[in-house]
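Below is one structure; the comments refer to it alone.
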Amino acid sequence: MEEIYMARKRRFCTRLEILKLASEMFLSQGYTTSSTKKMAQKLGISVGNLAYHFPTKEYLLVDLTEHLCDYHFQVMESKIDDGRASLTAYMLELTSMIAICEDNEVAKDLYTSVYKSPMALNLIRKADTQKATQVFATFCPEWTQDDFVLAENIVSGIEYASLMRENAEHIPLETRICRTLDAVLRVYRVPREIRQEKIQKVLSIDYRRIGQQFIEGFTEYVERVKQQALDRAYDQIDR
């Protein structure tokens, strides 16, 4: 029984090592160019062993997306004066994400991969629906939860289009941000005068710097979380 128990612990450590390495590779190299074969080689395990824990690379992306959902909005709230789930923080989150994808090709690859992954996108939509319910409740008082779910399905499509820059490379970044924010706020019935006021407020913030700080901070955050989980697991084995 003791041998079985220890074997399970070692398998758990292997799982954590895979998650840690995958996160490092996705954030430093991008999702598209990172392969499970390269991961297995770096860890000194077989591709089959890795697939035992995670059948496809997409499962590893989902794990990183969970951290992304936890981290993103909290950081944006810390950049503004409001101490709650605010409209400004919501808009700054989207603005900085667009700016990150403009300035950092690795980050763009990661974000667009998240939106193209059905499992990862489902996580994003759930998190954003909960967020939107808090932020836009006063503008849509009669909406049900299903209304917010439907709205988020539309909004996630707008977000993805803004990150891809499809046929819009010639349009200045600030213009694309304005149009994206306006389109999203229209979905949630935010009045025109409030849309204009809030968009100008967000544009007055150094969102490109915040975007760069975010991706750097997120990389450090994920590294710390993964290492702490590994350290706890190794400590259990040593006892």
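None of the values given here were measured: they were computed from a predicted structure.
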- Can you check side chain to side chain contact (heavy atoms under 4.5 Å, CB included) on L64 and V114, steps first, answer last? CA-CA 9 Å; L64 186 60; V114 167; over 6 Å; no

- Message: Show, in sequence, the C-alpha distance, side-chain angles and deciding distance for L68 and L110, and conclude whether the side chain to side chain contact (heavy atoms under 4.5 Å, CB included) test is met.
- Response: CA-CA 11 Å; L68 192 65; L110 175 63; 5.9 Å; no

- Would you sort out whether E24 and T219 count as a side chain to side chain contact (heavy atoms under 4.5 Å, CB included), showing the intermediate values? CA-CA 8 Å; E24 291 171 355; T219 300; over 6 Å; no

- Message: Could you walk me through whether K226 and V222 satisfy the side chain to side chain contact (heavy atoms under 4.5 Å, CB included) test, starting with their C-alpha distance in whole Å, then the side-chain angles of each, then the deciding distance to 0.1 Å, before giving a yes or no?
- Response: CA-CA 6 Å; K226 297 301 184 186; V222 172; 4.0 Å; yes

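Between R208 and D206 there is a side-chain heavy-atom pair separated by less than 4.5 Å. Q227 has its side chain within reach of L230: a pair of non-hydrogen atoms, C-beta onward, lies under 4.5 Å apart. You'll find the side chain of C140 stays beyond 4.5 Å of the side chain of D147, heavy atoms only. Side-chain atoms of K198 and V202, non-hydrogen and from C-beta on, never get closer than 4.5 Å to each other. Using a 4.5 Å heavy-atom threshold, the side chains of H53 and L19 count as separate. Side-chain contact between I98 and E102 is absent, with no heavy atoms from C-beta onward closer than 4.5 Å. Residues N153 and T129 form no side-chain contact, since every pair of their non-hydrogen atoms from C-beta on lies 4.5 Å or further apart.
Note on K131 versus E93: salt bridge recorded, some NZ/NE/NH1/NH2 to OD/OE distance being below 4.0 Å. One finds no salt bridge joining E152 and K126 here, because no Lys/Arg side-chain nitrogen approaches an Asp/Glu carboxylate oxygen to under 4.0 Å. Checked for salt-bridge contact, E142 and R189 meet the test: a charged N lies under 4.0 Å from a carboxylate O.
Nearest heavy-atom pair, C178 versus L203, reported as atom, atom and distance to 0.1 Å: SG-CD1, 3.3 Å. What you find for N104 and A107 is that their closest heavy atoms are OD1-N, 2.9 Å. The nearest pair of heavy atoms linking K57 to S34 is NZ-O, 2.7 Å. Minimum heavy-atom separation, I100 to G211: CG1-O, 3.3 Å. Here the closest heavy-atom approach between residue L163 and residue M97 is recorded as CD2-O, 3.8 Å. Between Y188 and A151, the shortest heavy-atom contact is CE2-CB, 3.7 Å.
Aromatic rings of F214 and H72 (six-membered ring for Trp) have centroids within the 6.0 Å cut-off, being under it. Residues Y160 and Y111 place their aromatic rings such that the two centres sit no closer than 6.0 Å.
Using a 4.5 Å cut-off between side-chain heavy atoms of Ile, Leu, Val, Met, Phe, Trp and Tyr, with links allowed through other members, V149 and W143 fall into different hydrophobic clusters. The hydrophobic clustering, which links ILVMFWY residues whose side-chain heavy atoms are closer than 4.5 Å, places Y52 and V62 apart. Note on I45: it does not cluster hydrophobically with V47, by side-chain heavy-atom contacts below 4.5 Å among ILVMFWY residues. By the rule that hydrophobic residues join a cluster once side-chain heavy atoms approach within less than 4.5 Å of another member, I194 and L92 end up as members of one cluster. Each of Y221 and V106 belongs to its own hydrophobic cluster when Ile, Leu, Val, Met, Phe, Trp and Tyr are linked at side-chain heavy-atom distances under 4.5 angstrom.
Atom-to-atom distance recorded for L94:CG and T180:OG1 is 6.5 Å, nearest 0.5 angstrom. Distance check: T65 OG1 to M119 CE gives 9.5 Å after rounding to the nearest 0.5 Å. Once rounded to the nearest 0.5 Å, the distance linking CG of D109 with CZ of F26 reads 10.0 Å. Atom-to-atom distance recorded for H67:NE2 and L27:CG is 10.5 Å, nearest 0.5 angstrom. Atom CG in L60 sits 8.0 Å away from atom OG in S23 (nearest 0.5 Å). Note: K116 NZ to L121 CG = 12.5 Å, rounded to the nearest 0.5 Å.
In the displayed structure, Y115 atom OH is contacted under 6.0 Å by more than 12 heavy atoms of other residues, nucleotides or ligands. Atom CD of E58 has more than 12 heavy atoms from other residues, nucleotides or ligands within 6.0 Å.
Ring geometry for F136 against F139 counts as tilted: the plane angle lies between 30° and 60°, on a 0 to 90° scale.
In summary, the side chains of R209 and Q213 do present a donor paired with an acceptor at a separation below 3.5 Å, with no hydrogens or angles considered. A donor and an acceptor atom, one from each side chain of E216 and Q212, are located under 3.5 Å apart.
Applying the side-chain hydrogen bond (donor to acceptor under 3.5 Å, both in side chains) rule to E223 yields the partners K20; only residues at least two apart in sequence or on another chain are considered. With sequence neighbours left out, the side-chain hydrogen bond (donor to acceptor under 3.5 Å, both in side chains) criterion links S156 to R125. In this structure, Y31 has no side-chain hydrogen bond (donor to acceptor under 3.5 Å, both in side chains) partners at least two apart in sequence or on a different chain.
T95 contributes a side-chain N or O that, together with a main-chain N or O of M91, makes up a donor-acceptor pair within less than 3.5 Å.
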